[in-house]
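First up is the structure itself, then whatever we jot down about it.
Order of the sequence lines fixes the chain letters, A, B, ..., with proteins taken first and strands second; residue numbering starts at 1 for each chain.
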Protein chains: 2
Amino acid sequence: MPKLVDHEERRAHIIDALLRSAADSGLHAVTMRSVAVEAGVSVRLVQYYFDTKEQLLLAAMARLAVRMGERIRDRVRTAGSSTAPRDIIAAVLLEAVPTDEESRTFHLVYTEYAVLSVTDPALAGQSFLSAPNEMEDFLVGLLTAARQAGDTDPRMDARQEAVVLLAASAGLGLSVLLGQRTAQDAAAVLHYHLGRLFPGSRASDGSDSSGASDGFGGSGGSGGSGGDGKSSRVHRPRP
Amino acid sequence: MPKLVDHEERRAHIIDALLRSAADSGLHAVTMRSVAVEAGVSVRLVQYYFDTKEQLLLAAMARLAVRMGERIRDRVRTAGSSTAPRDIIAAVLLEAVPTDEESRTFHLVYTEYAVLSVTDPALAGQSFLSAPNEMEDFLVGLLTAARQAGDTDPRMDARQEAVVLLAASAGLGLSVLLGQRTAQDAAAVLHYHLGRLFPGSRASDGSDSSGASDGFGGSGGSGGSGGDGKSSRVHRPRP
DNA sequence: CACTTGATGGTATGTTTGTACCATAAAAAC
DNA sequence: GTTTTTATGGTACAAACATACCATCAAGTG
């Protein structure tokens, strides 16, 4: 076994172990030992590939930032077939709403890092600010185009609206993470809001259930989670 | 000095020390010693009033939840003089946007707790879910009233809109905490959004600067952070 | 005045953590 | 074929931590 080895591969393997460990015990509970166990290697090896714990945490953060970029780009590419700005926007914003276990894990650890970066001077969250800022500019472009195409109220302010969209999607994603809302409800709310931003348009589905995404609700009734009735909230769906 | 002592007062004092300690070193870095030092007492005393660290953390969380309720109620009461639903809603939502150091500290620790509660089984965040849920119901009531009074689009879905508002305010607050946006920008965005929700109405100021809260922007221009231009972002204003 | 009880300080203890050190087997280089 | 890297394991160690234990001093209580 002791042959020549691809360092990047090993590092990626260990970082993934850290991410998994952080996902179910919390980033604060991550230790050299827990990472080593999760990766199936000795502590010494973790030390070998990342000299210190701080550098390991830093590397994992960098990897998270990269992966976030990839995820967004994937969404854009996948939804890119539909030229409708609304669908691209929806796809991008829905990235923040964790659906399966994989995305839940990802966004949980990402959020833990973001919060940690506020107090930990070693994590000078550059990476965390650049991604959202790019997203914001991207959305501004789409919204401006949509407005000029007449798909939206001409008085809409693209930048402010982009910030609202981003904030709402982050907030909804967080509420799903905290177990306050289901991913389906969050998605429905997002679709509702987009329906108000793009009047007259209709979400080109997406194989997503939740019929509440019909532009405006066909006057009055507003299908799905229904009018003023209690919405179905959830109290920690954690297994 | 060793007289009979008000336990609740002592406990409150120690909890405040914990909150302060958590605010500038991070909740993960809080230790019995750091709390004791911050409170100006011996470690033994912290142990005396809260048997274990877990109970101390739990008590601090409970206190945070109570304080959050008080904060919201204060906002409602203060803005209550204005009967306009829009102003009440604005006041309540702006609570999530930290302006001074005090509110920044509060919301930072609150957020740290919320995130921690996802992975730590001891913190079964009941308290975190009840407050937002009450807020949601409260907003639904206000929005429904506003819609019936004709202040809003009759096709607006009060519940979905309430969720959007709450999510956006949480997201904006978080972005301020992370140093991505200034509190003033976040407030302006919130006012902009309310301006779209309540067409024709005008925010009854609030001694708050940021002239960008003028209903709709007087056609086209939208004062303050200006049209499609780059908004002024900030990169960690931490001292 | 005896004495019990509440409030506090100091210190010891066992565990966990990050990291440094020592060892070694396999490959690569010469 | 010797020697030097490269990759790995094991273990040792100092620091920090939560907590348990021991001691004490001042009030109340009888």
Whole angstrom value for the distance that separates [atom2] of [N] from [atom1] of [X]:
X: B/His7; N: C/dA7; atom1: NE2; atom2: C1'; value: 8 Å
X: B/Arg11; N: C/dA7; atom1: CZ; atom2: P; value: 13 Å
X: A/Leu45; N: D/dA7; atom1: CG; atom2: P; value: 10 Å
X: A/Tyr48; N: C/dC21; atom1: OH; atom2: C1'; value: 16 Å

If you restrict it to nitrogen or oxygen atoms, what contacts under 3.5 Å exist between nucleotides 17-22 of chain D and the protein, and what is each distance?
unit_1	atom_1	unit_2	atom_2	d
D/dA18	OP1	B/Lys53	NZ	2.8
D/dA18	OP2	B/Thr31	OG1	2.5
D/dA18	OP2	B/Met32	N	3.0
D/dA18	N7	B/Arg33	NH1	3.2
D/dT19	OP1	B/Thr52	OG1	2.5
D/dT19	OP2	B/Thr52	OG1	3.4
D/dT19	OP2	B/Lys53	N	2.8
D/dA20	N7	B/Gln47	NE2	3.0
D/dC21	N4	B/Arg44	NE	3.0

Item to check | Residues which pass side chain to side chain donor-acceptor pair (under 3.5 Å) with B/Glu112, listed by chain and number, not counting sequence neighbours | outcome: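 Side chain to side chain donor-acceptor pair (under 3.5 Å) check on B/Glu112 returns nothing, list empty.
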Next on the checklist: Tell me whether the side-chain N/O atoms of A/Tyr49 come closer than 4.0 Å to OP1 or OP2 in D/dT8.
Outcome noted: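 So the side chain of A/Tyr49 is within the cut-off, an N or O lying under 4.0 Å from OP1 or OP2 of D/dT8.
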Checklist entry - Can you tell me if the side-chain N/O atoms of A/Arg10 get under 4.0 Å from OP1 or OP2 in D/dA7? => result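 So the side chain of A/Arg10 is outside the cut-off, no N or O lying under 4.0 Å from OP1 or OP2 of D/dA7.
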Checklist entry - Using a cut-off of 4.0 Å on non-hydrogen atoms, how would the nucleic acid contact of B/Phe50 be classed: base, sugar-phosphate, or nothing? => result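 Result for B/Phe50 = nothing.
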Checklist entry - Should the pair A/Phe106 and A/Tyr110 be assigned to parallel (<30°), tilted (30 to 60°) or perpendicular (>60°) ring geometry? => result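 Ring orientation of A/Phe106 relative to A/Tyr110: parallel.
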Item to check | Residue-level proximity of residues 15-28 of chain B to DNA chain C when a heavy atom falls under 4.0 Å | outcome: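 When residues 15-28 of chain B is checked for heavy atoms under 4.0 Å from DNA chain C, there are no hits whatsoever.
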Checklist entry - Which residues satisfy the side-chain contact (heavy atoms from CB on, under 4.5 Å) test with B/Ala60, sequence neighbours excluded? => result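 Counting only residues at least two positions away or on another chain, B/Ala60 forms a side-chain contact (heavy atoms from CB on, under 4.5 Å) with B/Ile15, B/Leu18, B/Leu19, B/Tyr113.
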Next on the checklist: Can you list everything that forms a side-chain contact (heavy atoms from CB on, under 4.5 Å) with B/Ala90? Sequence neighbours excluded, please.
Outcome noted: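 In terms of side-chain contact (heavy atoms from CB on, under 4.5 Å), with neighbours along the sequence ignored, B/Ala90 is linked to B/His191, B/Leu194.
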Pair up each side-chain donor or acceptor in residues 168-176 of chain B with any protein partner under 3.5 Å, not counting sequence neighbours, and list the distances.
unit_1	atom_1	unit_2	atom_2	d
B/Ser175	OG	B/Leu172	O	2.8
B/Ser175	OG	B/Arg181	NE	3.3

Checklist entry - Is there any salt bridge (Lys or Arg N to Asp or Glu O under 4.0 Å) pair reaching into residues 26-49 of chain B, and which pairs are they, with sequence neighbours excluded? => result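 Every salt bridge (Lys or Arg N to Asp or Glu O under 4.0 Å) pair that includes a residue of residues 26-49 of chain B, provided the two are not neighbours, is B/Arg20-B/Glu38.
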Checklist entry - Any salt bridge (Lys or Arg N to Asp or Glu O under 4.0 Å) pairs touching residues 51-67 of chain B, not counting sequence neighbours? => result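 Every salt bridge (Lys or Arg N to Asp or Glu O under 4.0 Å) pair that includes a residue of residues 51-67 of chain B, provided the two are not neighbours, is B/Asp16-B/Arg63, B/Asp16-B/Arg67, B/Arg67-B/Glu102.
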Item to check | Pairing residues for A/Tyr49 by the ring-ring contact (aromatic ring centres under 6.0 Å, His included) criterion, not counting sequence neighbours | outcome: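 A/Tyr49 satisfies ring-ring contact (aromatic ring centres under 6.0 Å, His included) with A/His7 once adjacent residues are dropped.
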